[in-house]
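Here the structure comes first, spelled out in structure tokens, and everything after it is commentary.
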Amino acid sequence: MTLPPALLKGDELFEHDASAPYDASRDLSKYLLMHYGSLEDLFNRGQHPLAAAHGYCQRLSDLLRSCAERTGTTVARALDIGCSVGGVTHALSGWVRDEVVGVDVSHRSIEIAQTLTEHGGGTFCVIEQGPFYREVVVRIDEPGRRAGVTFEVGDANALRAPEQAYDAVVLSNVLDRVQQPAACLEQFSASADILRSGGLMMVACPWSWYAEYSAPSEWLGSAATATPSEEALRALLRDGFELVAEVDEPGVLRQNPREFDWFDSHVTVWRKR
């Protein structure tokens, strides 16, 4: 039996490179755990006060699938933007018909996602306390049981137009991390090169704005007009899209067994006119 590849080793968790924030081993470990870990992997036990936040990637996929079924939208090809280590990409591949493409600015995230896909799983280490860590083993469905999955490095603000437009696109926890969020969204409304007419777009975002990622003048919403980001998003999209669903979805990132970062994403699904 072939051993699963090591996606992230324990000694890498203690390395620090401030010049590559998206490629930091400790952060990648957290995202691998959030995207692929079981309840026991995440919390070290089955019951936990934050247990409802587990399975964030799968819940996003399930919501998009239900919207596709409700609107009669055939999704043969989907694009996962800001895919990180690929949890949403793989969740989508369980029901999208032909192909799911994951795109992220982090070279290392894409390398990990590709390795995990090629080998059907892998191992990675997570912090326990101080110098202590433990190994987690994850596996994904065999290729014959899901759509084709590919990953590529790319900038969410400068997406490459495919030969054939996608039927669905997902922007999960990425819009408040790009330099120009409104321009990012305009790529899907300005033409049908990336998202076809009648296609679906999911935007999931906790709206946690930071000046290190984008200038405050670029943030969606305005303090001057008391306009929150949720309302600004609806204003940007209402002419070119029809709102299909709007919910809040919790998620959680594990720092260590006693510390967790909980978030509540505002999730909307839109159908392009």
Single-linkage hydrophobic cluster, 4.5 Å side-chain cutoff, Leu185 and Trp209 together:
yes

Salt bridge (charged side-chain N to carboxylate O under 4.0 Å, His left out) between Arg160 and Glu152, worked out
CA-CA 10 Å; Arg160 176 181 61 83; Glu152 59 186 57; 3.0 Å; yes

Say whether Asp23 and Ser106, considering side chains only, have a donor N or O and an acceptor N or O under 3.5 Å apart.
yes

Determine whether the side chains of Trp219 and Ser214 contain a donor N or O and an acceptor N or O closer than 3.5 Å.
yes

Treat each ILVMFWY residue as a node, draw an edge where side-chain heavy atoms are under 4.5 Å apart, and state whether Leu79 and Val88 are in one component.
no

Would you name the heavy atoms of Leu60 and Met202 that are closest together and state the gap between them?
O-CE, 3.2 Å

Side-chain donor-acceptor pair present, Asn157, Gln187, cut-off under 3.5 Å:
no

Spacing of Thr71 atom OG1 and Leu200 atom CG [to the nearest 0.5 Å]
4.5 Å

Are side-chain N/O atoms of His266 and Glu246 paired as donor and acceptor at under 3.5 Å?
yes

Closest approach of Ser197 and Ala192, non-hydrogen atoms and distance?
N-CB, 4.5 Å

Of all residues at least two apart in sequence or in a different chain, which pass the side chain to side chain contact (heavy atoms under 4.5 Å, CB included) check with Asp11?
Lys9

Do Val170 and Leu237 share a hydrophobic cluster, counting only Ile, Leu, Val, Met, Phe, Trp and Tyr and linking them when any side-chain heavy atoms are less than 4.5 Å apart?
no

Salt bridge (Lys or Arg N to Asp or Glu O under 4.0 Å) partners of residues 74-103, not counting sequence neighbours, each pair once:
Arg77-Glu99

Do His90 and Thr117 meet the criterion of a side-chain donor-acceptor pair at a distance under 3.5 Å?
yes

Quick check against the 3.5 Å criterion: does Ser29 have a side-chain atom that pairs as donor or acceptor with the backbone of Cys125?
yes

Grab the two heavy atoms, one from Arg196 and one from Thr74, that are nearest each other, plus how far apart they are.
NH2-O, 3.2 Å

Identify the two heavy atoms, one from Cys83 and one from Phe151, that lie closest to each other, and give their separation to 0.1 Å.
SG-CD2, 3.8 Å

Report the C-alpha separation of Phe43 and Phe260 in whole Å, then their side-chain angles, then the decisive distance to 0.1 Å, and conclude whether the ring pair (Phe, Tyr, Trp, His ring centres under 6.0 Å) test is met.
CA-CA 9 Å; Phe43 299 116; Phe260 298 85; 5.2 Å; yes

Taking everything shown except Glu259 itself, do over 12 heavy atoms lie less than 6.0 Å from its CD?
yes

